[in-house]
Amino acid sequence: LAERLQGSIQKIRGKGKVNEADVKEMMREVRLALLEADVNFKVVKSFVKQVSERAVGQEVMTSLTPGQQVIKVVKEELTELMGGEQSQIAVGKKPPTVIMMVGLQGAGKTTTAGKLAGLLRKKHNRKPLLVAADIYRPAAINQLETIGKQLSLPVFSMGDQVSPVEIAKAGIEKAKEEHHDYVLIDTAGRLHVDEELMDELKQIKELSSPDEIFLVVDSMTGQDAVTVAQNFDDALGVTGVVLTKLDGDTRGGAALSIRSVTGKPIKFVGMGEKMDALEPFHPERMASRILGMGDMLSLIEKAQTNVDEDKAKEMEKKLRTASFTLDDFLEQLGQVKQMGPLDELLKMIPGANKMKGLDNIDMDGKQLSHVEAIIQSMTVKEKEQPEIINASRRKRIARGSGRPIQEINRLLKQFEEMKKMMKQMTNAQGKGKKRGGMN
Ligand code: GDP
Ligand code: MG
């Protein structure tokens with residue numbers, strides 16, 4: 001997708017003003033990106049319309065191409081749509097502040113209750129009490145107690161023979177007695193929204209008058225999450241949303257849909273099963289994630305200012321036809337060097353940071369000149385077919401360049417790594433035909 005975007009960017013660069021056709025072209029990609037990220041169709045439609053109106057006719061900033069300008073608007077609007085940073089938690093007029101966790105079964109209520117309690121104590125120096133009011137799911141009470149032990153936080157429970165409403169009430173009483181300033185009520189969920197569940201939650205709400213009702217939503221559920229959120233909000237009036245399991249490979253389109261359908265702020269995101277894996281919600285990061293760009297655009301910006309595009313294209317063709325030689329490697333290194341530290345660049349490419357062997361490629365100017373010396377000590381044939389470089393050739397190259405043999409070995413290995421990596425990126429991102437080049 002990034003390539004598609006980039007392709008469009010390249011087509012319309014070099015103009016002074018963003019015109020309607022530019023915007024249309026870019027918005028087609030954006031629309032796809034949003035739909036791919038599982039953003040609600042209606043939300044996409046109105047969003048695209050709104051952005052298009054704003055983007056057309058904009059002066060293009062000198063530092064940006066029209067395409068980048070449009071993307072900038074898109075990102076800003078997405079960020080805006082998802083609200084500012086809202087990770088603060090209400091404080092009740094009279095302690096304890098009551099927080100009720102609601103959501104479907106398996107969404108992450110119990111886990112998030114624990115994480116939040118941990119956060120309240122650690123970051124805000126609070127004294128939270130966890131209340132086990134899910135009497136239906138087998139072992140739900142145990143689960144919360146285990147979490148409590150793990151965090152050294154108290155858990156209030158009354159077994160599964162007392163009604164959740166009673167448990168919530170008693171839990172709050174207990175918190176008052178023991179001077180807890182926060183009470184987190186872990187409630188039951190069902191696989192689907194149903195009347196009975198909602199009635200029970202409504203009763204708990206009535207009796208405990210919570211200061212916050214956090215709806216916990218599994219980000220992997222995509223579109224369904226929106227309906228669920230709507231139902232819970234209609235019945236209970238939630239005050240905030242926690243989006244869990246963002247550590248998975250979901251693009252997080254649910255965040256945008258939920259926010260724009262319910263109007264309720266996303267307060268936190270769950271980033272893993274561990275108790276410290278809860279983060280404040282960053283709308284801007286989410287916007288990038290939804291657009292699926294990683295920091296791809298800043299990478300494109302960087303690359304466009306520094307790399308000769310024709311050369312980049314030529315390199316890529318060579319890579320694909322596997323005629324990428326050590327000479328090309330050297331040239332590539334030189335170009336990459338102009339863009340800044342290689343490892344930093346690689347971090348911006350989604351997925352590339354996971355490939356091993358790359359950390360060794362980072363090099364300073366001195367190393368680069370060593371590499372240069374080594375490569376220049378090779379014969380044309382060796383440069384084109386490094387696999388023929390055997391032990392005696394290595395020795396000769398070492399003598400010629402004045403570099404130790406280990407360095408020659410390392411370089412050849414790096415070259416192979418780079419070749420492999422570039423190929424992987426070409427395959428992973430190209431999805432076939434239309435690749436504008438990663439550079
Ligand atoms: P509940 O039924 O809503 O109380 O859900 P649980 O808290 O029991 O969580 C269900 C499962 O999701 C558990 O295995 C959790 O460890 C897991 N889980 C919860 N939040 C996250 C998260 O942010 N990331 C990941 N990877 N797993 C999570
Ligand atoms: Mg639970």
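When a ligand or atom number is given, it counts from 1 through the structure's own listing order. Values reported hereafter were calculated over all heavy atoms of this structure, with side chains retained and with hydrogens, waters and symmetry mates removed.
Residue-environment remark: CD (Glu145) exceeds the threshold of 12 foreign heavy atoms within 6.0 Å. Surrounding CZ of Arg54 are more than 12 heavy atoms belonging to other residues, nucleotides or ligands, all under 6.0 Å away. More than 12 non-hydrogen atoms from other residues, nucleotides or ligands lie less than 6.0 angstrom from NZ of Lys127. At most 12 heavy atoms of other shown residues, nucleotides or ligands fall within 6.0 angstrom of atom CZ in Arg285. Around the CD atom of Glu387, the shell of radius 6.0 Å holds more than 12 heavy atoms that belong to other residues, nucleotides or ligands.
The shortest N or O to N or O distance between Asp247 and ligand 1 is below 3.5 Å. Considering backbone and side-chain N/O atoms, Gly272 comes within less than 3.5 Å of an N/O atom of ligand 1. The distance criterion of under 3.5 Å between nitrogen or oxygen atoms is not met by Thr112 with respect to ligand 1.
Against a heavy-atom cut-off of under 4.0 Å, Gln105 is close to the following atoms of ligand 1: 2 (O). If you number the atoms of ligand 1 from 1 as listed, the ones under 4.0 Å from a heavy atom of Met271 come out as 23 (O). Taking a cut-off of under 4.0 Å to the non-hydrogen atoms of Arg137, the atoms of ligand 1 that pass are 1 (P), 2 (O), 5 (O), 8 (O). Residue Gly270 approaches ligand 1 through these ligand atoms, each under 4.0 Å from one of its heavy atoms: 23 (O).
Between Met286 and Gly252, the closest heavy-atom pair is SD-O, 4.0 Å. Here the closest non-hydrogen pair linking Thr97 and Gly92 is OG1-N, 2.8 Å. Ala132 approaches Ile167 most closely through the heavy-atom pair O-CG2, 3.5 Å.
The shell of residues lying under 4.0 angstrom from ligand 1, judged by heavy atoms, includes Gly106. Proximity of Leu104 to ligand 1 is established by a heavy-atom distance of less than 4.0 Å. Residue contacts with ligand 1: Val216 is excluded, as none of its non-hydrogen atoms falls under 4.0 Å. The shortest heavy-atom distance from Ala107 to ligand 1 is under 4.0 Å.
Of the candidates Ala113, Gly108, Gly103, it is Gly108 that places a heavy atom closest to atom 5 (O) of ligand 1. The residue from Lys245, Glu273, Gln143 that puts a heavy atom closest to atom 14 (O) of ligand 1 is Glu273. When Leu243, Thr111, Val217 are checked for heavy-atom proximity to atom 9 (O) of ligand 1, Thr111 turns out nearest.
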Between side-chain atoms of residues 197-206 and protein atoms elsewhere (two or more places apart, or another chain), which donor-acceptor pairs fall under 3.5 Å?
residue	atom	partner	partner atom	Å
Glu200	OE1	Tyr136	OH	2.4
Lys205	NZ	Leu236	O	2.7

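Between Glu173 and Lys176, at least one side-chain N (NZ, or NE/NH1/NH2) sits under 4.0 Å from a carboxylate O, which counts as a salt bridge.
Each of Leu34, Val30, Val51 was compared with Leu78 under the side chain to side chain contact (heavy atoms under 4.5 Å, CB included) criterion, and only Leu34 meets it.
One N or O on the side chain of Lys115 and one on the backbone of Ala277 form a donor-acceptor pair closer than 3.5 Å. With Arg289 contributing its side chain and Leu246 its backbone, the two residues share a donor-acceptor pair below 3.5 Å.
In this model, a donor atom of one side chain and an acceptor atom of the other lie less than 3.5 Å apart for Thr239 and Glu212.
Annotation: atom 1 (P) of ligand 1 to nearest protein heavy atom, Lys109 N, 3.4 Å. What sits closest to atom 4 (O) of ligand 1 on the protein, heavy atoms only, is Thr110 OG1, 2.7 Å.
Of the heavy atoms in Lys115, only side-chain atoms (C-beta onward) come closer than 4.0 Å to ligand 1.
Shown are the protein N/O/S atoms under 2.8 Å from the Mg ion (ligand 2), given by residue and atom: Thr110 OG1.
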